[in-house]
Structures are given as structure tokens and as C-alpha cells.
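So you know, we letter chains A, B, ... as the sequences are listed, proteins then strands, and number each from 1.
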Protein chains: 2
Amino acid sequence: MGLTKSEIFTEEQNEIAAIAKVLGHPARIAILDFIIKLKSCVCGDLVKDIGLAQPTISQHLKELKKVGIIKGTIEGTSVCYCIDDNKFKEIKNKLNKFLSKNATENCC
Amino acid sequence: MGLTKSEIFTEEQNEIAAIAKVLGHPARIAILDFIIKLKSCVCGDLVKDIGLAQPTISQHLKELKKVGIIKGTIEGTSVCYCIDDNKFKEIKNKLNKFLSKNATENCC
DNA sequence: TTTATTTATTGCAATATTACGATTAATATT
DNA sequence: AATATTAATCGTAATATTGCAATAAATAAA
């Protein structure tokens, strides 16, 4: 079917999964790496740097924007894509919180 | 095309993405939640608890095993699935390291 | 206003993922 | 040995994702 049954999971489970899913593509990791390295950027630079077609980069940027980890400000003909520091921290904390659940030792 | 161009990304970018991708489905988050809560479990319990068909759970377990975050030990007719504590920590550290790159404030 | 420049959107082909019924494999129990 | 129990695998349908060419939209520059 290819259709995730979101309704049988908790909101937290769906949220963690949604965040992880967006991070689950090397192009999007590369985009974040690049933006973090530069502290600011425009889409054109990403196309040159990463080596995927412009529509593909645009699509990945859209998904990153969807979870709020980056934000874009229009500057003339180009768009300045930046990390949303607050949202980034929030996402980091949420993932960390989930990964910290496994505090005590396990059986085997 | 549906085919990720892994060869144009760094090994680290591919690795982070692969880890995140596995965490990018609520069923797998729910499975981890359940195993962590119980400290040990068998597949049958998961099927009852989560509400997906047995082959579906089995498939998700396989993907979690693929990145090493869980391990399964055969016990008679059933399999005891547990968190691989070392691998879990490793994964946590890798994600954290990536998410800690964004240390300084950004432009906008 | 025309022409560039830059990013978004549309449409589509190829591949991947999700989910499950049916079946298989492997061990326990009777 | 026959039967139950449990999990893996196979096959398949439905949907999602990835990537790109073509095009549109929006602003800047001439």
C-alpha cells in the first residue's frame, strides 16, 4: 500500500518519525551541512555545490522548510535560506529526548 | 526516478541519512519505544501492541536490525529483540554530533 | 518594456516503501 | 510423527519518493 498508518501511533511517535524522515536523505543532510558552514546561503549555490538539478534542490528545501528546520527570506530575485536556530534546537532536543529513553542497560 | 544519488555525498552524510531514515517511520519509533519500555521483547507482543500485521512488524524489525540499533536472539520458537546498547549510543552520538554543528547564531 | 536571473511548480518516469495475505521454516509440544 | 506456535520470506497492490526537463513566476537590470 505504501500508506503509513499514522492514526495508530501517538502524536510524539509521528512527530519524531516526521523529523527523522526529513533528515533521512543525504541531499538534505548535505544542504544543512552547507547552510551551517556558510551561516547563510541562496539556492543557486546549493545547486552548484551539491550537484543535483535545481528543481531537485528546491524540492528538498521545501521539505526542510516543512518541518521548520530552515527558513527562507526573499532577497530580490534570490532566496536566502538559513537555519531556524530555535526550531533547530527544538528538533535536536526532541530527538535527544527520544534517544535518551534508553538510559538503563538492556537484557541481552 | 526514486533512486538516491549516494555517490555524490560524503560517507558521513550518507550514514547520518541512513540512520535518520530508519527512524523516519512511526512504527519503528513505536517498536523502539516498546522494546525500551520492556527492556526485552518478542515479535508477537509487538504485533499485539502496535496493531500492524506480523509480516509488517517483521519487516520493520529487519530495518532496525540493519542499522544495528536492535539485535535479536533466538529463544525456542520466538525471538527476543533487544536494544543494542552500544550501537544505540553510537547512533545517538552521531546524530548529536551532526545536530551540534549548528553551534553559532545564523544570519537571519 | 525587454531581457536576464533566480527560484518554484508541474508533469512524468523510475524506483522505493508500506502493508498484508499466503506460505515457509524452525522449533515446541503432544 | 503430527500438530501447534512463532517469526521470516515471498509476492503483490497501493502509495511515496527521487530526480529532472520544461515551464512559470517574480524581480532586477538594461
Side-chain angles (χ1 to χ4, degrees), chain A residues 1-9 13-14 17-31 34-35 40-67 70-82 108, chain B residues 1-9 13-14 17-31 34-35 40-67 70-82 108:
Chain A
M1 292 131 185
L3 206 169
T4 297
K5 291 186 163 179
S6 314
E7 69 278 7
I8 67 171
F9 305 108
Q13 287 164 346
N14 282 314
I19 290 169
K21 193 175 185 179
V22 168
L23 297 179
H25 194 288
R28 293 192 284 269
I29 297 296
I31 287 172
F34 192 78
I35 299 184
S40 146
C41 86
V42 289
C43 181
D45 291 345
L46 285 167
V47 173
K48 274 177 253 161
D49 191 71
I50 292 175
L52 288 171
Q54 180 268 322
T56 309
I57 297 290
S58 190
Q59 214 172 330
H60 284 305
L61 286 168
K62 199 178 172 186
E63 289 190 66
L64 288 166
K65 248 195 311 190
K66 205 175 62 189
V67 294
I70 63 168
K71 56 187 173 185
T73 0
I74 298 166
E75 277 185 12
T77 48
S78 56
V79 177
C80 169
Y81 273 112
C82 301
C108 25
Chain B
M1 291 134 181
L3 208 169
T4 296
K5 291 188 162 178
S6 314
E7 71 278 4
I8 67 170
F9 305 108
Q13 286 165 347
N14 281 314
I19 291 168
K21 192 175 185 178
V22 169
L23 298 179
H25 194 287
R28 294 193 283 272
I29 297 296
I31 287 172
F34 192 78
I35 300 184
S40 146
C41 86
V42 290
C43 180
D45 291 344
L46 285 168
V47 173
K48 273 176 252 160
D49 191 70
I50 292 176
L52 288 171
Q54 181 267 321
T56 308
I57 297 292
S58 191
Q59 213 172 330
H60 284 305
L61 285 168
K62 198 177 171 186
E63 289 189 67
L64 288 167
K65 248 195 312 189
K66 205 174 60 188
V67 293
I70 63 168
K71 57 187 172 185
T73 0
I74 297 165
E75 276 185 14
T77 48
S78 56
V79 177
C80 168
Y81 274 110
C82 302
C108 26

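Going from atom NE2 of H25(B) over to atom P of dT17(D) covers 10 Å, rounded to whole Å. When rounded to the nearest whole Å, the span between CD1 of I74(A) and P of dA26(D) equals 10 Å. Rounded to whole angstrom, the span from the CG atom of L3(B) across to the C1' atom of dG19(D) amounts to 9 Å. The separation between K66(A) atom NZ and dA8(C) atom P is 15 Å, rounded to whole Å. Atoms CG (L61(B)) and P (dT6(D)) sit 16 Å apart, rounded to a whole Å. The distance between atom CD of Q59(B) and atom P of dT9(D), rounded to the nearest whole Å, is 10 Å. Taking atom CG on L52(A) and atom P on dG19(D), their separation rounds to 5 Å, with Å as the unit. dA19(C) atom P lies 10 Å from atom CD1 of I31(B), rounded to whole Å.
Using a 4.0 Å heavy-atom distance criterion, E75(B) is classed as making no nucleic acid contact. Among the atoms of the strands shown, base atoms are found under 4.0 Å from some heavy atom of S58(A). Residue I57(B) is classed as having no contact, given no heavy-atom separation below 4.0 Å to the nucleic acid. Across all strands shown, T56(B) has heavy atoms under 4.0 Å from base atoms, whether or not it also approaches the sugar-phosphate.
Nearest to the side-chain atoms of Y81(B) among the listed nucleotides dC20(D), dT15(D), dA7(D) stands dA7(D). For P55(A), counting side-chain heavy atoms from C-beta on, the closest listed nucleotide (dG21(C), dT18(C), dT10(C)) is dT10(C). Of the candidate nucleotides dT17(D), dA19(C), dA7(D), dT17(D) has the atom lying nearest to any side-chain atom of K21(A). For T77(A), counting side-chain heavy atoms from C-beta on, the closest listed nucleotide (dA19(C), dA28(D), dC10(D)) is dA28(D). Among dA8(C), dA7(D), dA19(C), the nucleotide with an atom closest to any side-chain atom of V79(A) is dA8(C). The S78(B) side chain lies nearest to dT6(D) when the options are dT6(D), dC20(C), dA8(D). For A53(A), whose side chain is taken as the heavy atoms from C-beta onward, the closest listed nucleotide among dA28(D), dC20(D), dT7(C) is dC20(D).
F34(A) places a side-chain heavy atom less than 4.5 Å from the side chain of D45(A). L52(A) is listed as a side-chain neighbour of F9(B), based on a closest heavy-atom distance under 4.5 Å.
Summary of the strand contacts: K62(A) and Q54(B) both lie near DNA chain C, and taking for each the nucleotide with the nearest heavy atom, the more 5' one is attributed to K62(A). Between V42(A) and A27(B), the one whose closest nucleotide on DNA chain C sits nearer the 5' end is V42(A).
Remark: K21(B) NZ to T4(B) OG1 distance equals 5.5 Å, nearest 0.5 Å.
Put simply, the side chain of R28(B) never gets that close to the backbone of H60(B): no donor and acceptor are under 3.5 Å apart.
Under 4.0 angstrom from either OP1 or OP2 of dT17(C) there lies no side-chain N or O belonging to H60(B). Taking only side-chain nitrogens and oxygens, K5(B) comes nearer than 4.0 Å to OP1 or OP2 of dC20(D).
Applying the side-chain contact (heavy atoms from CB on, under 4.5 Å) criterion to S58(B), with sequence neighbours excluded, gives Q54(B).
The number of heavy-atom neighbours closer than 6.0 Å to CD1 of I74(A), taken from other residues, nucleotides and ligands shown, is 12 or below.
Base pairing annotation: dA21(D) forms a Watson-Crick or G-U wobble pair with dT10(C), both donor-acceptor distances under 3.5 Å.
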